[in-house]
**Student:** 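First, the structure itself, so that you have it in front of you.
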Amino acid sequence: MTDSTVLLICPICHFQNVYSVLNIYDDRYGYPGLFDLLLCNRCRHKFLSCHFSEEQLENLYTDYYLRSTFDLKVFRPYEERTGFRYWFDGGKSAAHCWVPKNVRVLDIGCGFGHSLAYHTNRGCDVYGVEADRNIKRVAEKFGFKIHVGLFDPDVYQNDFFDYITMHQVLEHFVNPVRALQGVKKILKPKGTAILTMPNANGWGVRFFGKHWVNWHAPYHLHFFSRKSMKMAAERAALTIDKAMTVTSSEWLYYQQIHISVFPEEGVSSVFWDPARKPSEQEQKRINRISKFHRKYKLNYCITRLFDSIGLGDNIVYFLKNEQNS
């Protein structure tokens with residue numbers, strides 16, 4: 001951590017006492033540059049000191065997220081699961097798992113559309129938003145109602161959706177408060193927004209530091225504390241109904257592989273970039289980690305332990321629209 005105060009304002013509480021705590025870079029896909037991670041001394045919100053235009057954001061996801069290589073022939077909807085194994089896996093860490101059947105739902109940041117197929121199979125009226133233009137071929141093949149581009153509430157009627165989900169998405173917005181205000185506008189009275197996001201105040205950050213897998217710069221622009229999330233929700237006239245840490249047990253497995261092949265600045269990771277092949281030594285390390293976790297299940301036990309005390313790497317928020325638009 002540096003001692004120098006950066007002359008920037010917190011995007012959530014507008015406090016001016018903001019500090020630089022880390023310099024990080026894209027350790028997955030090799031986007032060039034170092035990014036300053038800043039911390040607000042009032043609401044404990046963390047955020048990157050970089051600014052992207054809408055066009056730059058759309059190009060960032062289209063050019064670097066590599067969904068253009070995904071094969072539509074192997075596309076499968078998310079499955080509905082229950083039971084001990086589902087809990088042990090941390091399956092409820094995903095936003096779509098909390099949406100009931102037969103409702104109208106919007107998934108903002110719908111990725112490759114697996115959640116849309118899941119909701120469709122459960123009788124829902126389903127809509128999606130995705131900035132990555134590679135989603136167009138998915139929408140065309142399966143007939144999904146997807147707005148390609150950044151989230152724009154004016155695309156929809158006011159008070160239109162029963163549920164709105166943002167699974168690992170709000171942290172990607174340049175202006176997350178404005179995004180939540182847009183969510184509020186199109187969410188029905190008493191409707192629910194379900195948000196999941198990395199928990200930058202959990203055990204993972206404390207243990208792995210700058211190598212924490214979920215910094216994911218520059219795609220993750222914001223890291224909410226519970227205090228800053230409460231402030232952001234209030235500014236959007238939404239109420240936090242409940243919050244909990246529920247983390248996929250696979251994340252710790254990914255974390256250890258991520259560290260074992262951690263790339264230099266400007267170089268994509270052999271773990272995250274399918275176009276790169278690991279060296280013989282790297283592949284041996286990956287195989288050892290995989291074999292260990294599959295055999296002993298320690299990543300499952302550790303993840304469930306930290307989730308149980310509220311220090312898991314993933315946090316789920318349920319926001320209610322208690323007011324009319």
Side-chain angles (χ1 to χ4, degrees), residues 54 57-58 61 65 67 75 77-78 80 92-197 222 224 229 232-233 235-242 315-325:
E54 290 190 4
L57 274 179
E58 291 184 17
Y61 292 105
Y65 251 51
R67 291 194 183 109
F75 178 92
Y78 291 136
E80 189 164 13
K92 296 287 273 187
S93 62
H96 72 266
C97 298
W98 299 93
V99 177
K101 297 179 180 179
N102 304 312
V103 296
R104 180 177 291 147
V105 56
L106 172 67
D107 187 17
I108 301 173
C110 60
F112 210 57
H114 300 92
S115 63
L116 307 186
Y118 168 84
H119 292 309
T120 299
N121 290 344
R122 301 172 76 249
C124 296
D125 182 17
V126 189
Y127 297 74
V129 177
E130 179 52 53
D132 183 348
R133 292 186 290 273
N134 289 302
I135 194 64
K136 288 181 179 179
R137 59 196 181 102
V138 181
E140 290 168 359
K141 180 175 177 63
F142 298 105
F144 294 145
K145 293 175 284 191
I146 300 175
H147 171 70
V148 181
L150 301 183
F151 170 53
D152 179 2
D154 292 336
V155 171
Y156 311 100
Q157 301 174 33
N158 290 0
D159 305 332
F160 191 63
F161 293 102
D162 301 294
Y163 282 81
I164 296 176
T165 58
M166 302 175 78
H167 178 55
Q168 309 297 322
V169 169
L170 187 63
E171 64 273 17
H172 293 256
F173 276 87
V174 172
N175 190 329
V177 172
R178 184 181 300 161
L180 289 177
Q181 290 168 341
V183 165
K184 197 271 178 191
K185 180 180 179 182
I186 59 177
L187 191 62
K188 291 180 180 179
K190 306 302 180 182
T192 302
I194 305 170
L195 282 56
T196 68
M197 62 191 67
H222 297 274
F224 288 85
M229 188 69 243
R235 288 182 59 191
L238 294 167
T239 303
I240 296 179
D241 185 45
K242 59 181 175 178
I315 192 161
V316 184
Y317 287 102
F318 298 82
L319 308 185
K320 291 294 250 184
N321 181 15
E322 302 289 1
Q323 307 173 18
N324 294 326
S325 297

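Starting from 1, each residue takes its place in the sequence as its number.
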**Student:** Between Leu319 and Met229, is there a side-chain heavy-atom distance shorter than 4.5 Å?
**Tutor:** yes
**Student:** Where is the tightest heavy-atom contact between Ser93 and His167, given as atom of each residue plus distance?
**Tutor:** O-CE1, 3.7 Å
**Student:** Does the side chain of Phe112 reach to within under 4.5 Å of the side chain of Glu130, using non-hydrogen atoms?
**Tutor:** no
**Student:** Using modelled atom types and a 3.5 Å cut-off, is there a donor and acceptor pairing between side-chain atoms of Gln181 and backbone atoms of Arg235?
**Tutor:** yes
**Student:** What's the separation between atom CZ in Phe161 and atom CD1 in Ile186, rounded to the nearest 0.5 Å?
**Tutor:** 5.0 Å
**Student:** With respect to His119, which candidate in Val103, Val105, Asn102 satisfies the side-chain contact (heavy atoms from CB on, under 4.5 Å) definition?
**Tutor:** Val105
**Student:** Please report the closest heavy-atom contact between Ser115 and His96, naming both atoms and the distance.
**Tutor:** CB-CB, 4.2 Å
**Student:** Under the side-chain contact (heavy atoms from CB on, under 4.5 Å) criterion, do Leu195 and Leu180 qualify, and how do the steps go?
**Tutor:** CA-CA 10 Å; Leu195 282 56; Leu180 289 177; 3.9 Å; yes
**Student:** Of all the heavy-atom pairs spanning Leu187 and Ala193, show the shortest one and how long it is.
**Tutor:** CD2-N, 3.9 Å
**Student:** For Ala233 and Ile240, work out which heavy atoms get closest and say how close.
**Tutor:** CB-CG1, 4.2 Å
**Student:** What pair of heavy atoms forms the shortest contact from Leu238 to Lys184, and how long is it?
**Tutor:** CD2-CG, 3.6 Å
**Student:** Are Phe224 and Tyr317, when compared by the centres of their aromatic rings, separated by less than 6.0 Å?
**Tutor:** no
**Student:** Going by the angle between their ring planes, with limits at 30° and 60°, are Phe142 and Phe144 parallel, tilted or perpendicular?
**Tutor:** parallel
**Student:** Nearest 0.5 angstrom please: Ile164 CD1 to Asn321 CG, how far?
**Tutor:** 9.0 Å
**Student:** From Glu322 CD over to Lys190 NZ, what is the distance, rounded to the nearest 0.5 angstrom?
**Tutor:** 4.0 Å
**Student:** Between Phe173 and Arg178, is there a side-chain heavy-atom distance shorter than 4.5 Å?
**Tutor:** no
**Student:** I need the minimum non-hydrogen distance between Gly128 and Leu106, along with the two atoms involved.
**Tutor:** N-CD1, 3.9 Å
**Student:** Is Val126 close to Lys145 at the side-chain level, that is, under 4.5 Å between some pair of heavy atoms?
**Tutor:** no
**Student:** Rounded at 0.5 Å granularity, tell me how far CG in Leu150 sits from CD1 in Ile108.
**Tutor:** 11.0 Å
**Student:** Without swapping roles, check the side chain of Arg122 against the backbone of Val99 for a donor-acceptor pair under 3.5 Å.
**Tutor:** yes
**Student:** Does the side chain of Pro100 come within less than 4.5 Å of Tyr163's, by heavy atoms?
**Tutor:** yes
**Student:** To the nearest 0.5 Å, what is the distance between OH (Tyr78) and CG (Asn121)?
**Tutor:** 13.5 Å
**Student:** With heavy-atom distances below 4.5 Å as the criterion, would you say the side chains of Asp241 and Thr192 are in contact?
**Tutor:** no
**Student:** Among Thr196, Val183, Ile194, which one satisfies side-chain contact (heavy atoms from CB on, under 4.5 Å) with Met166?
**Tutor:** Val183
**Student:** Quick one: SG on Cys124 to CZ on Arg104, what's the gap to the nearest 0.5 Å?
**Tutor:** 11.0 Å
